[in-house]
Amino acid sequence: MLPSPLRPQRKIPLVPENLLKKRKAYQAIKATQAKQALLDKRKHQKGKQIRFKRLETFLRDSHRKRSDDARLRRMERKPGVLLMPEGHKLVFAVRIAEIKGVSMRVRHVIHRLRLRKIYSGTFVKLSPTSLRMLRIVEPYVAWGYPNLKSVRELILKRGHAKINKKKHALTDNVLIEEHLGKHGIICLEDLIHEIYSTGKHFNEINDFLWPFHLSVARHAARNKVGFRKEIGDPGFRGNGINELIRHLN
């Protein structure tokens, strides 16, 4: 066989040096722009999204703040007599109303009671100071006297511990004994008894417990007015707080 003829080699076109420099500079500019766009996107995602408020929202918040300020001034002018109820030392408080636009004093008390989220509840030991705090947040919080059954159901069903600012379920007595053993609390029954009887270590144990996040019915989002009628108005409930606990637990 005859050898195949050699193919002519294709000549690579030469590109001027100044054009190569322009291409390289253009590619560097595009890479820098893409990197800056990515950084701007991440920065925008980390920050809060821009939200527009309607005029009705400003009016509602302003009216709520004015009414809170007037109510608190009225309480200071006419404080009345804070009568401590006989036979009751324990209170369970549940936040059942929004606090957007409220007075800073009301917001501060709500944070002190650890009711930062709606439909969250905490135990409170009755004293003149705590009773005054409950009166300050009365338009937004329902409170009353829980019985032993309600205390037990809340702790057994929704009890969580706060350990190193993290939430841990109360599923093991070893966890309780490890953190509360120095106070003589080694199991759930001891914890329930100490809370209900408001013993001398009540504050330490109440701080150990995470605020209770109560459940809300599914139809609450669709029918807020109807659900508000079901749970009732905020304020003092007395022994009726046990019905609210059954409804939300």
Side-chain angles (χ1 to χ4, degrees), residues 85 87-99 107-134 136-137 140-218 220-221 231 234 237-249:
H88 295 285
K89 297 182 180 179
L90 181 66
V91 161
F92 187 72
V94 187
R95 200 188 112 197
I96 60 175
E98 291 287 350
I99 58 171
R107 188 181 295 274
H108 176 68
V109 173
I110 285 178
H111 286 183
R112 285 189 62 186
L113 292 173
R114 302 191 301 163
L115 300 176
R116 290 179 171 84
K117 293 184 178 181
I118 193 168
Y119 303 119
S120 62
T122 55
F123 293 112
V124 180
K125 187 176 182 180
L126 266 183
S127 65
T129 303
S130 62
L131 192 58
R132 193 175 296 109
M133 291 169 62
L134 290 170
I136 290 174
V137 299
Y140 311 98
V141 173
W143 61 280
Y145 312 127
N147 54 30
L148 180 59
K149 181 180 179 182
S150 298
V151 175
R152 185 185 302 275
E153 289 179 352
L154 280 169
I155 294 177
L156 292 180
K157 187 175 181 180
R158 302 192 179 275
H160 288 79
K162 183 176 64 175
I163 302 173
N164 297 328
K165 297 182 180 180
K166 292 183 179 180
K167 190 176 181 181
H168 297 270
L170 293 175
T171 56
D172 193 358
N173 289 331
V174 176
L175 183 70
I176 297 174
E177 185 177 4
E178 181 182 353
H179 292 86
L180 299 178
K182 58 185 177 182
H183 304 306
I185 310 299
I186 61 174
C187 63
L188 270 173
E189 289 299 325
D190 292 344
L191 191 147
I192 293 170
H193 177 267
E194 189 74 10
I195 288 291
Y196 183 69
S197 62
T198 59
K200 58 181 181 180
H201 300 297
F202 174 85
N203 292 332
E204 292 83 353
I205 296 173
N206 197 32
D207 292 338
F208 174 75
L209 290 174
W210 196 277
F212 298 92
H213 295 296
L214 305 177
S215 63
V216 182
R218 293 183 179 180
I231 63 176
R237 298 282 185 93
N239 294 322
I241 195 67
N242 297 291
E243 298 178 6
L244 181 62
I245 292 173
R246 304 283 187 283
H247 190 76
L248 297 178
N249 194 7

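Since this is a predicted model, take the numbers as computed values, not measurements.
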Within-4.5 Å side-chain heavy-atom neighbours: [X] and [Y]:
{"X": "Arg152", "Y": "Glu189", "value": "yes"}
{"X": "Leu214", "Y": "Ile245", "value": "no"}
{"X": "Trp143", "Y": "Leu244", "value": "no"}
{"X": "Ile176", "Y": "Asn173", "value": "yes"}
{"X": "Leu209", "Y": "Thr122", "value": "no"}
{"X": "Leu90", "Y": "Pro146", "value": "yes"}
{"X": "Phe212", "Y": "Ile155", "value": "yes"}
{"X": "Lys167", "Y": "His213", "value": "yes"}

Taking [Y]'s backbone N and O only, do any of them form a donor-acceptor pair with [X]'s side chain (distance below 3.5 Å, no angle check)?
{"X": "Arg114", "Y": "Pro211", "result": "no"}
{"X": "Arg95", "Y": "Arg116", "result": "yes"}
{"X": "Asn206", "Y": "Phe123", "result": "yes"}

Contacts of type side-chain contact (heavy atoms from CB on, under 4.5 Å), residue Asp190, not counting sequence neighbours: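 Counting only residues at least two positions away or on another chain, Asp190 forms a side-chain contact (heavy atoms from CB on, under 4.5 Å) with Ile185, Ile186, Cys187.
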Residues forming a side-chain contact (heavy atoms from CB on, under 4.5 Å) with His193, sequence neighbours excluded: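 With sequence neighbours excluded, His193 shows a side-chain contact (heavy atoms from CB on, under 4.5 Å) to Ser197, given in chain and number order.
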List the atom of [X], the atom of [Y], and the distance in Å for their closest heavy-atom pair.
{"X": "Asn147", "Y": "Asn242", "result": "N-OD1, 2.9 Å"}
{"X": "Trp210", "Y": "Lys166", "result": "CZ3-C, 3.7 Å"}
{"X": "Lys200", "Y": "Glu204", "result": "O-OE1, 4.1 Å"}
{"X": "Lys125", "Y": "Phe202", "result": "CB-CE2, 3.5 Å"}
{"X": "Asn239", "Y": "His88", "result": "OD1-CE1, 4.1 Å"}

Lys/Arg N to Asp/Glu carboxylate O, Glu153 vs Arg246, below 4.0 Å: yes
Which value, rounded to the nearest 0.5 Å, describes the distance between [X] atom [atom1] and [Y] atom [atom2]?
{"X": "Met133", "Y": "Ile110", "atom1": "CE", "atom2": "CD1", "answer": "10.0 Å"}
{"X": "Phe208", "Y": "His183", "atom1": "CZ", "atom2": "NE2", "answer": "10.0 Å"}
{"X": "Leu148", "Y": "Ile192", "atom1": "CG", "atom2": "CD1", "answer": "7.5 Å"}
{"X": "Asp172", "Y": "Glu177", "atom1": "CG", "atom2": "CD", "answer": "10.0 Å"}
{"X": "His160", "Y": "Thr171", "atom1": "NE2", "atom2": "OG1", "answer": "8.5 Å"}
{"X": "Arg107", "Y": "His111", "atom1": "CZ", "atom2": "NE2", "answer": "6.0 Å"}

Option among Leu248, Asn249, Leu170 that satisfies the side chain to side chain contact (heavy atoms under 4.5 Å, CB included) test with Arg158: Asn249
Intermediate values then yes/no, side-chain contact (heavy atoms from CB on, under 4.5 Å), Val137 and Leu115: CA-CA 10 Å; Val137 299; Leu115 300 176; 5.9 Å; no
Working for side-chain contact (heavy atoms from CB on, under 4.5 Å), residues Val91 and Ile241: CA-CA 9 Å; Val91 161; Ile241 195 67; over 6 Å; no
Audit row: Leu126, Leu131, side-chain contact (heavy atoms from CB on, under 4.5 Å) steps and yes/no: CA-CA 6 Å; Leu126 266 183; Leu131 192 58; 4.1 Å; yes
Atom NZ of Lys89: over 12 foreign heavy atoms under 6.0 Å: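 Count not over threshold, so no.
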